[in-house]
Amino acid sequence: MSTINETRPADALRAGDRQADERASSTKPLGGIAGWMDDRLGGAKGVSFLAKKVFPDHWSFMLGEIAMYSMIVCLLTGAFLTFWFVPSATQVVYDGSYVPLQGVTMSDAYRSTLAISFDIRGGLLIRQIHHWAALIFVVSVFVHMARVFFTGAFRKPREINWVFGTILSLLACVEGFAGYSLPDDLLSGTGIRAMNGFMQSAPIIGSYMSYFIFGGAFPGEAIIPRLYSAHVLLIPAILVGLFTAHILLVFLHKHTQFPGPGRTNKNVVGYPLLPVYIAKAGGFFFIVFGVIALISAVVTINPIWAYGPYDPSPITAGSQPDWYMGFADGALRLLPGFLEFVSWGNFTWSMNIFPGSLVLLPVMWTIIGAYPFVESWVTGDKREHHLLDRPRNAPTRTAIGIAGISMYVVLFLAAGNDLMAIKLHLSINDITQTLRVLFFVAPPVAFWITKRICLSLQRADRQKVLHGRETGTIWRYADGRFEEVHAPLTPEERWVLVQHESREPLQLTSAKDANGVDSPIARKEQLRAKFSNFYFRDRVAPPTPSELEAAHHEHDHGSAPDGAHEAIEAAGAGRERETIKADKQLD
């Protein structure tokens with residue numbers, strides 16, 4: 001009989017394994033609470049991935065951060081306000097601290113807002129911080145979208161993120177409208193009354209929509225609680241969800257970066273999230289919060305006590321919506337009255353209201369959200385892009401964006417046509433007619449001017465690459481000629497100006513194949529070729545290496561006046577630059 005088990009028990013056989021496990025546990029990278037959490041949640045790999053994520057360093061990337069930080073400020077201050085705000089339209093008699101309104105009948109929502117402003121310690125400051133942060137949130141989202149659009153950051157693989165951002169911007173406007181409608185003061189009540197009219201302008205279903213949302217005839221008592229639920233629960237939940245998805249996609253796709261030395265579509269040049277970027281981002285959050293708090297402390301916004309409770313009788317034409325909804329109000333003012341007509345005897349079609357109130361916003365945001373897919377189809381470009389475009393190098397896209405902004409500005413100005421007429425002593429009819437004409441004239445004019453400017457800047461960049469930068473030094477020769485001395489660009493400066501692609505428009509193809517049979521996709525391809533010609537017909541190609549070599553060869557064979565080299569070196573003092581002879585080409 002074997003005696004192995006007697007001399008070496010089974011427990012002893014596993015002793016080496018237990019020692020190995022203990023050594024592995026002792027060498028884990030995380031200890032203490034972090035190690036305890038990692039043992040149970042396994043998040044160390046994810047945290048390590050995020051910590052090593054590199055972010056480029058450019059001021060324009062802070063626009064998205066401002067939007068995120070201002071949204072956080074809105075959430076924090078909004079949570080504070082919910083402790084005292086009463087979302088009720090029940091009529092009460094005010095007996096609070098604000099003497100001019102004592103004894104006045106008002107809704108409980110308006111009374112609680114007055115109490116927050118005058119009776120709650122710090123309540124007015126928090127209210128103003130909440131309102132200012134909301135305005136900054138909306139404007140930063142819009143400006144961030146403009147930066148993404150003009151630099152082409154929406155291209156593959158970021159089309160979905162662009163759609164998320166588009167929905168975010170629309171929800172931000174809706175959230176802002178719901179928020180400033182809650183106090184039930186005269187101004188916000190006027191906005192709700194206008195919203196009711198907008199819904200009723202919808203053909204066939206308008207009155208049903210109004211009764212459903214208001215819980216009966218306007219104003220009812222259901223609209224404020226429903227707006228409150230949407231403002232503090234529904235829309236913020238969607239905003240936070242979309243914002244989280246937006247940030248996660250940024251981490252997944254890598255961050256875009258502007259062209260520069262060493263920057264390619266396969267890398268990101270910048271700082272890691274930990275410890276550099278997180279420290280900068282944390283400091284920037286407190287800067288944003290501090291600026292919002294400073295503005296809120298010294299600049300009054302939405303003084304509801306000056307407006308009084310909502311009452312339809314004292315409404316004046318001077319009431320204006322917040323700026324981000326101004327373009328919709330302007331569209332209503334520009335629509336001519338003759339668009340309203342009656343059919344079938346007594347059925348009224350309010351086409352003088354319906355397009356500007358209920359159609360404009362979804363159509364406008366749908367066009368914005370669909371643009372990346374339209375441009376991708378026109379260009380046929382299916383590659384991934386992590387390097388941004390300089391706006392001048394995409395002149396058609398830049399011109400389209402400016403044309404859209406010009407249309408928005410016209411609508412925004414139209415929202416104040418009554419105030420302009422009063423303050424400037426002009427005819428409101430003349431102002432309205434002028435803005436109607438500008439709505440159709442301004443976009444194409446802005447498009448043409450912007451595209452010409454972009455092409456001119458491209459030509460200037462081309463000349464700078466071929467002939468160097470202007471030094472401002474003028475030399476006079478013995479024979480009386482005058483010439484400016486040019487200095488060459490550094491390789492890093494030159495690379496930024498020549499790295500972009502210059503696309504040629506697609507060629508129109510025949511509608512028939514070699515056998516004379518109609519092609520099933522001919523019309524689609526011809527339409528695509530026409531759009532491509534619209535995008536890329538006017539272009540300025542960057543200098544090729546052979547052109548650059550020829551330009552340098554020409555400079556090398558010229559003769560510079562005495563002292564030219566020293567003058568160029570002095571003009572570029574503090575920067576390492578090679579010197580060349582004076583540019584001899586006379587334009």
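- Atom CD1 of Ile247 is surrounded by more than 12 heavy atoms from other residues, nucleotides or ligands within 6.0 Å.
- Checking side-chain atoms of Glu65 against main-chain N and O of Ala281 turns up no donor-acceptor pair under 3.5 Å.
- The distance from atom CG of Asp322 to atom CZ of Phe177, rounded to the nearest 0.5 Å, is 10.0 Å.
- A salt bridge does not link Glu504 to Arg537: none of the charged nitrogens lies less than 4.0 Å from a carboxylate oxygen.
- The shortest distance between side-chain heavy atoms of Val498 and Arg462 does not fall below 4.5 Å.
- Take Lys451 and apply the side chain to side chain donor-acceptor pair (under 3.5 Å) test, not counting sequence neighbours, and it matches Thr396.
- When side chains are defined from C-beta on, Lys280 counts as touching Val276, because their heavy atoms get closer than 4.5 Å.
- In this structure, the side chain to side chain donor-acceptor pair (under 3.5 Å) partners of His386, at least two apart in sequence or on a different chain, are Arg158, Glu384.
- For Phe61 and His255, the ring centers are positioned less than 6.0 Å apart.
- Annotation: side chain of Arg397 is in contact with side chain of Tyr371 (closest heavy-atom distance under 4.5 Å).
- Tyr408 OH: more than 12 foreign heavy atoms inside a 6.0 Å radius.
- To the nearest 0.5 Å, atom OG of residue Ser188 and atom CD1 of residue Ile304 are 8.0 Å apart.
- Looking at Ile136 and Tyr69, their side chains never come closer than 4.5 Å, going by heavy atoms from C-beta outward.
- For the 3.5 Å distance criterion, the side chains of Thr151 and Asp389 fail to qualify, holding no donor opposite an acceptor.
- Using a distance-only test at 3.5 Å, with no hydrogens or angles considered, a donor-acceptor pair links the side chain of Arg494 to the main chain of Leu489.
- Trp448 CH2: 12 or fewer foreign heavy atoms inside a 6.0 Å radius.
- Thr490 contributes a side-chain N or O that, together with a main-chain N or O of Glu493, makes up a donor-acceptor pair within less than 3.5 Å.
- Judged by distance alone, the side chain of Ser70 and the main-chain N or O of Ile66 form a donor-acceptor pair under 3.5 Å.
- The closest donor-acceptor contact from the side chain of His253 to the backbone of Leu249 lies under 3.5 Å.
- The side-chain heavy atoms of Asn393 and Arg390, taken from C-beta on, include a pair separated by under 4.5 Å.
- When the shell of 6.0 Å around CZ of Phe531 is examined, it contains 12 or fewer heavy atoms from other residues, nucleotides or ligands.
- Using a distance-only test at 3.5 Å, with no hydrogens or angles considered, no donor-acceptor pair links the side chain of Arg392 to the main chain of Leu455.
- Distance check: Asn417 CG to Ile431 CD1 gives 6.5 Å after rounding to the nearest 0.5 Å.
- Close placement of the Phe55 and Tyr277 rings is indicated, their centers lying within 6.0 Å of each other.
- The environment of CZ in Phe212 is sparse: at most 12 heavy-atom neighbours from other residues, nucleotides or ligands sit within 6.0 Å.
- Asp418 has its side chain within reach of Arg333: a pair of non-hydrogen atoms, C-beta onward, lies under 4.5 Å apart.
- Note that the OG1 atom of Thr166 and the CE atom of Met145 stand 4.0 Å from one another [nearest 0.5 Å].
- When atom types are taken as modelled, the side chain of Thr264 and the backbone of Lys266 share a donor-acceptor pair closer than 3.5 angstrom.
- Formation of a donor-acceptor pair under 3.5 Å by the Thr398 side chain with backbone atoms of Pro395 is not found in this model.
- The shortest side-chain heavy-atom distance between Asn267 and Gln257 falls under the 4.5 Å cut-off.
- Ion pairing between a basic and an acidic side chain is recognised when a charged N comes within 4.0 Å of a carboxylate O; Lys156 and Asp381 show no such pairing.
- Taking the six-membered ring where the residue is Trp, the centroids of His58 and Phe258 are separated by under 6.0 Å.
- Formation of a donor-acceptor pair under 3.5 Å by the Ser376 side chain with backbone atoms of Pro372 is not found in this model.
- Between Asn352 atom CG and Leu335 atom CG the span is 7.0 Å, to the nearest 0.5 Å.
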Next item on the list: Show your working on ring-ring contact (aromatic ring centres under 6.0 Å, His included) between Phe447 and Phe534 and close with a plain yes or no.
Entry: CA-CA 12 Å; Phe447 177 90; Phe534 167 74; 5.6 Å; yes
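- Atom-to-atom distance recorded for Phe439:CZ and Leu413:CG is 13.0 Å, nearest 0.5 angstrom.
- Scored by the side-chain contact (heavy atoms from CB on, under 4.5 Å) test, Pro87 finds Phe85, Ile224, Tyr228 as partners (sequence neighbours excluded).
- Annotation: Phe536, atom CZ; neighbour count of heavy atoms from other residues, nucleotides and ligands within 6.0 Å is above 12.
- Between the side chain of Trp132 and the backbone N or O of Val299, at least one donor-acceptor pair lies under 3.5 Å.
- Among Asp461, Leu497, Leu466, the one residue that satisfies the side-chain contact (heavy atoms from CB on, under 4.5 Å) test with Pro543 is Leu466.
- A centroid separation of 6.0 Å or more is found between the aromatic rings of Phe214 and Tyr208.
- Taking the six-membered ring for Trp and the full ring otherwise, the centers of Phe412 and Phe327 sit at least 6.0 Å from each other.
- With contacts defined as side-chain heavy-atom distances shorter than 4.5 Å, the pair Val374/Ile367 does not qualify.
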